[in-house]
Amino acid sequence: MSQNLSEQELIRRENLQKMIDLGLEPYPSKTFPVTHLAKEVHEGFKEGSTDFQEVTLAGRFMSRRIMGKASFAEIQDSSGRMQIYVSRDDICPGENKDLYNQMFKKLLDLGDFVGVTGHAFITKTGTLSIHVKEFTLLSKSLKPLPIVKTDAEGNSYDEVTDPEFKYRQRYVDLTVNPEVRETFVQRSKMINAMRNFMAEKGYLEVETPVLQPMYGGAAARPFKTHHNTLDVPFYLRIANELYLKRLIVGGYDGVFEFAKDFRNEGMSRFHNPEFTMMELYVSYKDYEWMMDFTEEMLEYVALQVHGTTDLQVGENTISFKRPWKRYTMFGAIEHFTGIDCSEMDEEALRQTAKDLGIHVDKELGKGKIIDEIFGEKCEHELIQPTFITDYPVEMSPLAKKHPTKPGIVERFEGICNAKEICNAFSELNDPIDQRQRFEDQLELGKRGDEEAMQLDEDYLRALEYGMPPTAGIGIGIDRLAMIMTNQKSIQDVLFFPQMKPERAVVSEADNETD
RNA sequence: GGUCGGUUAGCUCAGCUGGUAGAGCAACGCCCUUUUAAGGCGUGGGUCCUGGGUUCGAACCCCAGACCGGCUACCA
């Protein structure tokens, strides 16, 4: 395959060859003995101290200011940048000045990986620097990086803002935009905090199948695939709920899984075809307990990630301080519209929706209409973390019925920043009721609801052996990460959000005919 | 899916009522041993997203397509 190289790429290839000609290895393999990160030197160095007299750092070469026989440059490692001071006669003590005059001044390009050894000092202008006595090339870069420059006022120049560039070439985005690296560090801290919190309670982290013979546990269209040897279809999971509850049947007190789920639906700034869900099931608990647990865990997570429960998210300050506000679904609708629809039948609900200017499709059942009204009139009002409880039974086929409120299940959703971030219920463990609910779903499916659930005989068999009373929750990790990292789009909390393939990639794939 | 907008140098962008392209940074050459968006002088770099069309002439107008984005629809 031929490459059309730009002028700058050709020059870099020439520089690479000239380095080889000088006897330099452009891609050495030996472990490079890094002793410090840039951040450690920045935080630890005090002027006049005798520490940091011999430090070794490695990173990308990000800027260079040549002043004749000496130069300043910056290298960037995972922790940040460090200025280095390179003088010709220090790195070339002998007669041969090639390392400075040729390699450092001419052949080295921005983006190359280098290693330096030297001592820390403060320059006349007060900048901490490493006075380099050994300079090593660690890896040559052949493509120019769009390096961002920032002036004294904090204005940045040439920042890569094109979303397509950022998402397709995330490695470049991460290299040149430190705040992007930080977003993903925070995401990782968030997940670790949740994991530690649950492990601390004694719950077991498990793994369940991604390839499932039958999809379930949520209402969504699946991706379908095929296993060649078994010659059967498989679905990529849309949820892991039913498998985790099988493990509760098997006797664990608490199981959780951070799971990639897959839904074959639209994409938006809140939806990616593959996304991460954390599901947790705890035996002998109910949804009331789970609300308390959720508040406690997310307060802990906010503190772990940010050291505070008050987070700035867009225009709003969102507080994860316990307790959250709680509404029943009918209560929320009444609160935001003034209409009490708790006693209405399907026709009255349909009319109410119409009166509120909400379009509802004919095939929607009672539960879906209520959900439409809630989604249209209430959800966007809920900025602070809020629990909505008592969902209609029709839209909750895996949740236990409320003991005193007919037509209602013991379920809650957590809403934050106008979006659902979690969904939980007292799990339905009555196998006869569960069979009936599945059959109702089949009926909805026949009416045209493409997301109605399938009937899972093995799951019913498990329930027939007996499942203890159990509380379960699913937390949308990506949406929670958007809140915890103050990002507007799910694409900004996923390293590699789903995109259409680039054209070159498509044409190669088209050649595969089998 | 609908709709509106975008695509010009490695990056960020300008380019008027149509006359075959510019700036800053980056790159290249020369000068400079504590600079910092380093500086000074000089130089090169373009499939104007793709394919058609209109026109003497298209980055610009028209048609079709690709990709990206905003809103919207769908979406537990």
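What's counted below: heavy atoms across the whole structure, side chains too, no hydrogens, waters or symmetry copies.
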Integer-rounded Å distance: [N] [atom2] and [X] [atom1]:
X: A:Ile11; N: B:rC28; atom1: CD1; atom2: C1'; value: 5 Å
X: A:Arg12; N: B:rA27; atom1: CZ; atom2: P; value: 8 Å
X: A:Ile66; N: B:rC32; atom1: CD1; atom2: P; value: 12 Å
X: A:Asp90; N: B:rU34; atom1: CG; atom2: P; value: 13 Å
X: A:Phe165; N: B:rC68; atom1: CZ; atom2: P; value: 15 Å
X: A:Glu9; N: B:rA26; atom1: CD; atom2: P; value: 18 Å
X: A:Leu108; N: B:rC28; atom1: CG; atom2: P; value: 11 Å
X: A:Lys143; N: B:rA9; atom1: NZ; atom2: C1'; value: 14 Å

Check whether any side-chain N or O of [X] sits under 4.0 Å from OP1 or OP2 of [N], and answer yes or no.
X: A:Lys69; N: B:rU35; result: no
X: A:Ser71; N: B:rC32; result: no
X: A:Gln491; N: B:rG69; result: yes
X: A:Arg65; N: B:rA38; result: yes
X: A:Arg263; N: B:rC74; result: no
X: A:Lys500; N: B:rC67; result: yes

Nearest listed nucleotide, side chain of [X], among [options]:
X: A:Lys149; options: B:rU36, B:rA26, B:rA76; answer: B:rA26
X: A:Glu7; options: B:rA26, B:rU33, B:rG45; answer: B:rG45
X: A:Thr161; options: B:rA76, B:rA37, B:rC13; answer: B:rC13
X: A:Ser6; options: B:rA27, B:rG10, B:rC71; answer: B:rG10
X: A:Pro163; options: B:rU35, B:rU33, B:rG69; answer: B:rG69
X: A:Asn15; options: B:rA38, B:rC28, B:rU36; answer: B:rC28
X: A:Thr127; options: B:rC11, B:rU36, B:rA37; answer: B:rU36
X: A:Glu164; options: B:rA37, B:rC67, B:rU33; answer: B:rC67
X: A:Met453; options: B:rU34, B:rU35, B:rA76; answer: B:rA76
X: A:Phe121; options: B:rC11, B:rU34, B:rC28; answer: B:rU34

Under 4.0 Å, heavy atoms only, any strand: does [X] hit a base, just the sugar-phosphate, or nothing?
X: A:Arg479; value: nothing
X: A:Pro273; value: nothing
X: A:Gln8; value: base

Determine the interplanar angle of the [X] and [Y] rings, folded into 0 to 90°, and report it as parallel if under 30°, tilted if 30 to 60°, perpendicular if over 60°.
X: A:Trp324; Y: A:Phe387; answer: parallel
X: A:Tyr100; Y: A:Phe104; answer: parallel
X: A:Phe72; Y: A:Tyr85; answer: tilted

Would you measure the distance from the [atom1] atom in [N] across to the matching atom in [M] and give it in whole Å?
N: B:rG15; M: B:rC32; atom1: P; result: 42 Å
N: B:rG6; M: B:rC49; atom1: C1'; result: 11 Å
N: B:rA58; M: B:rC28; atom1: P; result: 36 Å
N: B:rG52; M: B:rC16; atom1: C1'; result: 27 Å

query = Is the charged tip of A:Arg246 near the ring of A:Tyr243: under 6.0 Å from the six-membered ring centre and within 45° of its axis?
reply =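 Here A:Arg246 passes the 6.0 Å and 45° test against A:Tyr243.
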
inquiry  = Taking the cut-offs as 6.0 angstrom to the six-membered ring centre and 45 degrees off its axis, would you call A:Lys285 and A:Phe293 a cation-pi pair?
reply    =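 Not flagged: A:Lys285 not positioned over aromatic ring of A:Phe293.
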
query = When you look at A:Asp390 and A:Met329, which way does the side-chain contact (heavy atoms from CB on, under 4.5 Å) test go after all the steps?
reply = CA-CA 6 Å; A:Asp390 293 0; A:Met329 179 164 253; 5.6 Å; no

message = Which is more 5' along RNA chain B, the nucleotide nearest A:Met499 or the one nearest A:Gln441? Just name the residue.
response =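 So the residue in question is A:Met499.
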
